[in-house]
Chemist: 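Have a look at the structure that comes next, please.
So that the names make sense, note that chain A is the first sequence line, chain B the second, and so on, each numbered from 1. Keep in mind that what you see is a predicted model, and the values were worked out from it rather than measured.
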Protein chains: 2
Amino acid sequence: MARDDLGAMVARLGRRLLAMEQPILARHGVSMWAYVVLNGLAGGSVRTQAALAARIGADKTRLIPVLDDLQERGLIEREPDPADRRVRLLALTDSGREVHRVVRDEIRTAEEALLEGLAPADREAFVRALVTLS
Amino acid sequence: MARDDLGAMVARLGRRLLAMEQPILARHGVSMWAYVVLNGLAGGSVRTQAALAARIGADKTRLIPVLDDLQERGLIEREPDPADRRVRLLALTDSGREVHRVVRDEIRTAEEALLEGLAPADREAFVRALVTLS
DNA sequence: TATTGTTATACTCTATAACTATA
DNA sequence: TATAGTTATAGAGTATAACAATA
């Protein structure tokens, strides 16, 4: 069975997913990186900017404008750690948590619609494989 | 079963595949875009630069330095179409076909190694799903 | 007038280095 | 001296617009 390289197919699928998510994010005024940050903070285990950068695989300097924006819009809190005042402790506000939940639900719904194109057994195996490989 | 968004997982897998391919490409002195071009031409159905750009989803202007380099190195031919002298007809040289074959084989081998981490049934379903979705 | 390929330019994204304030 | 975060800068990658040569 002739097929493209995995790399080519994964890249195409990535572009397709991105195109699918873009309108959802735009509708809520959230950039891709802002969503990734909200997502990273939603777990609750990440507290500092350095930890967040490591978690989402971004440079720490890339995060700063995103955090500035999210803070201005009241979606995150960013306060000096009393125990080490070099560190900023990050947390979602209620409003941030809500935006994250809404956007995430819409994205998940759109993902499900995409997976409808697969046989049910393949669908489960695909997600399982993706969890393992990623 | 809590999992990340498909987008996040696909992006991570994409980065992983890229990191895996990078040393192979470097060893043969071929950039990612150069490989994509060789791959696009290997099928034989694509003949013009515009068609190639469309096929691989790249801007036509992005292709030009890549084609210049591949031509200088004797991996592709690029000649005006006698029937329409605006058009450049592209083709792999024997040497280009050989480089493509070698690189592709190494990439496929590495991909197989990656897929070893999956149960055989999941492996097939994963590739099948990827073909469908991408 | 429209199209293929090319060049020049501007823009975006990302990484690097230098700086501050703490420790 | 080392570290968290910030700022400024430079580099890479990409897209946009203008151009030359055909049709």
Side-chain angles (χ1 to χ4, degrees), chain A residues 7-8 11-12 14-19 21-22 25-26 29-37 40-41 45-72 75-91, chain B residues 7-8 11-12 14-19 21-22 25-26 29-37 40-41 45-72 75-91:
Chain A
R12 269 203 302 278
R15 281 196 296 270
R16 188 177 173 195
L17 286 166
L18 194 66
E21 294 175 9
Q22 220 62 270
L25 294 166
V30 178
S31 72
M32 175 59 66
W33 277 112
Y35 175 65
V36 170
V37 165
L41 293 176
S45 65
V46 167
R47 303 282 319 184
T48 75
Q49 296 186 193
L52 178 61
R55 157 70 75 93
I56 68 185
D59 194 280
K60 60 177 180 170
T61 62
R62 230 158 68 184
L63 244 52
I64 289 168
V66 180
L67 296 174
D68 289 346
D69 176 61
L70 290 173
Q71 187 178 19
E72 273 172 30
L75 301 181
I76 65 168
E77 282 174 352
R78 177 157 59 153
E79 304 174 347
D81 182 350
D84 180 349
R85 304 225 318 283
R86 293 174 303 185
V87 170
R88 304 301 152 101
L89 293 177
L90 303 172
Chain B
R12 271 203 301 279
R15 282 196 294 270
R16 190 177 171 194
L17 287 166
L18 194 66
E21 293 174 11
Q22 219 62 269
L25 294 166
V30 178
S31 72
M32 175 59 64
W33 277 113
Y35 175 64
V36 170
V37 164
L41 293 177
S45 66
V46 167
R47 304 282 319 183
T48 74
Q49 296 185 193
L52 177 60
R55 157 69 76 92
I56 68 185
D59 193 279
K60 60 177 180 170
T61 62
R62 232 159 63 186
L63 244 51
I64 289 167
V66 179
L67 296 174
D68 288 347
D69 176 63
L70 290 173
Q71 186 177 19
E72 273 173 30
L75 301 181
I76 65 168
E77 283 175 350
R78 177 158 59 154
E79 304 174 346
D81 181 351
D84 178 350
R85 305 225 317 281
R86 292 173 303 184
V87 170
R88 305 298 152 101
L89 293 178
L90 304 172

Chemist: Whole Å only: how far is the CZ atom of R78(B) from the C1' atom of dT4(C)?
Modeler: 12 Å
Chemist: Please give, in whole Å, the distance from dT12(C) P to R62(B) CZ?
Modeler: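 Taking atom P of dT12(C) as the reference, CZ of R62(B) is at 17 Å.
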Chemist: Which atom names give the shortest non-hydrogen contact between R62(B) and G57(B), and what distance separates them?
Modeler: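 For R62(B) versus G57(B), the nearest heavy atoms are NH2-O, 4.2 Å.
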Chemist: Do the non-hydrogen side-chain atoms of L52(A) and Q49(A) ever get within less than 4.5 Å of each other?
Modeler: no
Chemist: Any heavy-atom pair between the side chains of I56(B) and L63(B) that's under 4.5 Å?
Modeler: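 A side-chain contact exists here, since the closest heavy-atom pair is under 4.5 Å.
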Chemist: Provide the closest heavy-atom pair for L89(B) versus P82(B) in the form atom of the first, atom of the second, distance.
Modeler: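 What the structure gives for the nearest pair is CD1-CD, 4.5 Å.
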Chemist: Heavy-atom distance under 4.5 Å between the side chains of R55(A) and S45(A), does that happen here?
Modeler: yes
Chemist: Distances for protein N/O vs nucleotides 16-18 of chain D N/O pairs under 3.5 angstrom?
Modeler:
unit_1  : atom_1 : unit_2 : atom_2 : d
dT16(D) : O4     : T61(B) : OG1    : 3.4

Chemist: Minimum heavy-atom separation for L25(B) and Y35(B), please, with both atom names.
Modeler: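 Answer, listing the atom of L25(B) first, then Y35(B): CD2-CB, 3.7 Å.
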Chemist: Closer than 4.0 Å, any side-chain N/O of W33(A) to the OP1 or OP2 of dT14(C)?
Modeler: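 Answer is yes, contact under 4.0 Å.
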Chemist: Is there any protein nitrogen or oxygen under 3.5 Å from a nitrogen or oxygen in nucleotides 21-23 of chain D, and what are the pairs?
Modeler:
unit_1  : atom_1 : unit_2 : atom_2 : d
dT22(D) : OP2    : R85(B) : NH2    : 3.4
dA23(D) : OP1    : R85(B) : N      : 2.9

Chemist: With a 4.5 Å limit on heavy-atom distance, are the side chains of L67(A) and V37(A) in contact?
Modeler: yes
Chemist: May I ask you to decide whether D68(B) forms a salt bridge with R78(B), counting only side-chain N to carboxylate O separations under 4.0 Å?
Modeler: yes
Chemist: Is the closest side-chain heavy-atom distance between M32(A) and L18(A) below 4.5 Å?
Modeler: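 Contact flag for M32(A)/L18(A) side chains = yes.
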Chemist: Could you state the atom-to-atom distance from CG of L67(A) to P of dG5(D) in whole Å?
Modeler: 9 Å
Chemist: Specify the separation, in whole Å, of atom CD of Q49(A) and atom C1' of dT3(D).
Modeler: 13 Å
Chemist: Based on the rotation axes of five pairs at each end, what angle does the helix from dT1(C)-dA23(D) to dA23(C)-dT1(D) bend through, to 10°?
Modeler: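 That helix has its two terminal axes inclined by roughly 20°.
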Chemist: Can you tell me the distance, in whole Å, between the CG atom of D68(B) and the C1' atom of dG5(C)?
Modeler: 11 Å
Chemist: Round to the nearest Å and state the distance from I64(A) atom CD1 to dT20(C) atom P.
Modeler: 15 Å
Chemist: Are the side chains of D84(B) and V87(B) in touch, meaning some heavy atoms are under 4.5 Å apart?
Modeler: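 Sidechains of V87(B) and D84(B): in contact.
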Chemist: From CD of Q71(A) over to P of dG5(D), roughly how many Å is that when rounded to an integer?
Modeler: 13 Å
Chemist: Write down the distance between CG (L63(A)) and P (dT14(C)), rounded to a whole number of angstrom.
Modeler: 12 Å
Chemist: Are E77(A) and L90(A) side-chain neighbours, meaning at least one heavy-atom pair lies under 4.5 Å?
Modeler: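 Not in contact.
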